[in-house]
Amino acid sequence: MDVLLSRDEIATAVARIGQQITKDYAGQSILLLGVLKGACMFLSDLARKIELNATFDFIAVRSYGAQKESGGEVQLIKDVTTPLHGQHIILVEDILDTGLTLTFLKKTLMAHQPKSLKIAALLDKPSRRKADIQADYVGFQIPDKFVVGYGLDHAERFRNLPDICVLNEGE
Ligand code: IMP
Ligand code: MG
């Protein structure tokens, strides 16, 4: 597989986002809310680059299944376990593609009346967007290619690759 983003490039981008968040939320506590399973690596590396009081929680959604295309429907399959009311939430996602997942999550989470809600997405594929949504913190904008590694999967495989690679047709 061809490497699109090396582990060093990823680490540099994650450190940059961590510094920005540290600045933007100076003096405040934040909740890092990871979207399972894809964001697990990004959240764990990002959290260590943030110098603030931070707590973690996780949610899980189902959107893609074994296919490479979104079914358009998003379902919450694991909810948060901590109260969100009055918290500064940073929703941590692996990739912003059509935007349907994050649009659904934003709406669901806003119903809990957090103090604020921002989105950190490691990857952004703007050319694929179907919903009007943007991330507040983005690692990389990438072309319309299906990528795996660093948490991202195809049919649950390849999440453990340390680099982000392009999955070619037939693989
Ligand atoms: P969206 O709802 O279309 O924005 O899709 C977001 C979700 O689709 C992400 O959390 C990923 O799980 C998955 N996804 C989108 N593009 C890719 C990709 O290139 N590789 C792996 N998963 C992807
Ligand atoms: Mg995902």
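Order of listing sets the numbers, starting from 1, for every ligand and every atom in it. Position 1 is the first residue of the sequence; numbering continues from there. Heavy atoms only: backbone and side chains are in, while hydrogens, waters and symmetry mates are out.
Using a 4.0 Å cut-off between heavy atoms, Lys125 contacts ligand 1 through its side chain alone, with no backbone atom that close. With a 4.0 Å cut-off on non-hydrogen atoms, Leu152 touches ligand 1 through its side chain and not its backbone. With a heavy-atom cut-off of 4.0 Å, Lys145 touches ligand 1 through its backbone alone. If you look at Asp153 next to ligand 1, the close heavy atoms, those under 4.0 Å, all belong to the backbone.
Close contacts of ligand 1 with Leu100, meaning ligand atoms under 4.0 Å from a residue heavy atom, involve 2 (O), 4 (O). Counting atoms of ligand 1 from 1 in the listed order, those under 4.0 Å from a heavy atom of Glu93 are 9 (C), 10 (O). Atoms of ligand 1 found under 4.0 Å from any heavy atom of Thr98, numbered from 1 in the order shown, are 1 (P), 2 (O), 3 (O), 4 (O). Taking a cut-off of under 4.0 Å to the non-hydrogen atoms of Asp97, the atoms of ligand 1 that pass are 1 (P), 3 (O), 4 (O), 5 (O), 15 (C), 16 (N). The distance from ligand 1 to the heavy atoms of Thr101 drops below 4.0 Å at these ligand atoms: 1 (P), 2 (O), 5 (O), 6 (C).
Using a 4.0 Å cut-off between a side-chain N of Lys or Arg and a carboxylate O of Asp or Glu, Arg62 and Glu73 do not qualify as a salt bridge. Using a 4.0 Å cut-off between charged side-chain N and carboxylate O, Asp124 and Arg129 make a salt bridge.
Residue pairs satisfying the ring pair (Phe, Tyr, Trp, His ring centres under 6.0 Å) criterion with at least one member in residues 11-45, sequence neighbours excluded, are listed as follows: Tyr25-His88.
Proximity annotation for atom 14 (N) of ligand 1: of Val147, Ile95, Asp94, Ile95 comes nearest, heavy atoms only.
The closest approach between a heavy atom of Gly99 and any atom of ligand 1 is below 4.0 Å. Within the 4.0 Å heavy-atom shell around ligand 1 one does not find Val148.
Judged by distance alone, the side chains of Asp94 and Tyr150 never bring a donor and an acceptor atom under 3.5 Å apart.
Between the Lys49 side chain and the Val14 main chain, no donor and acceptor come within less than 3.5 Å of each other.
Taking all atoms of both residues into account, the shortest heavy-atom contact from Met1 to Leu161 is CE-CD1, 4.1 Å.
For Leu102, no nitrogen or oxygen atom sits less than 3.5 Å from a nitrogen or oxygen atom of ligand 1, counting backbone and side chain alike.
Atom CG of Leu109 and atom CD of Gln113 lie 12.5 Å apart (nearest 0.5 Å).
The shortest distance between side-chain heavy atoms of Leu91 and Val35 falls below 4.5 Å.
The residue from His112, Gln87, Lys106 that alone fulfils the side-chain contact (heavy atoms from CB on, under 4.5 Å) condition with Leu117 is Lys106.
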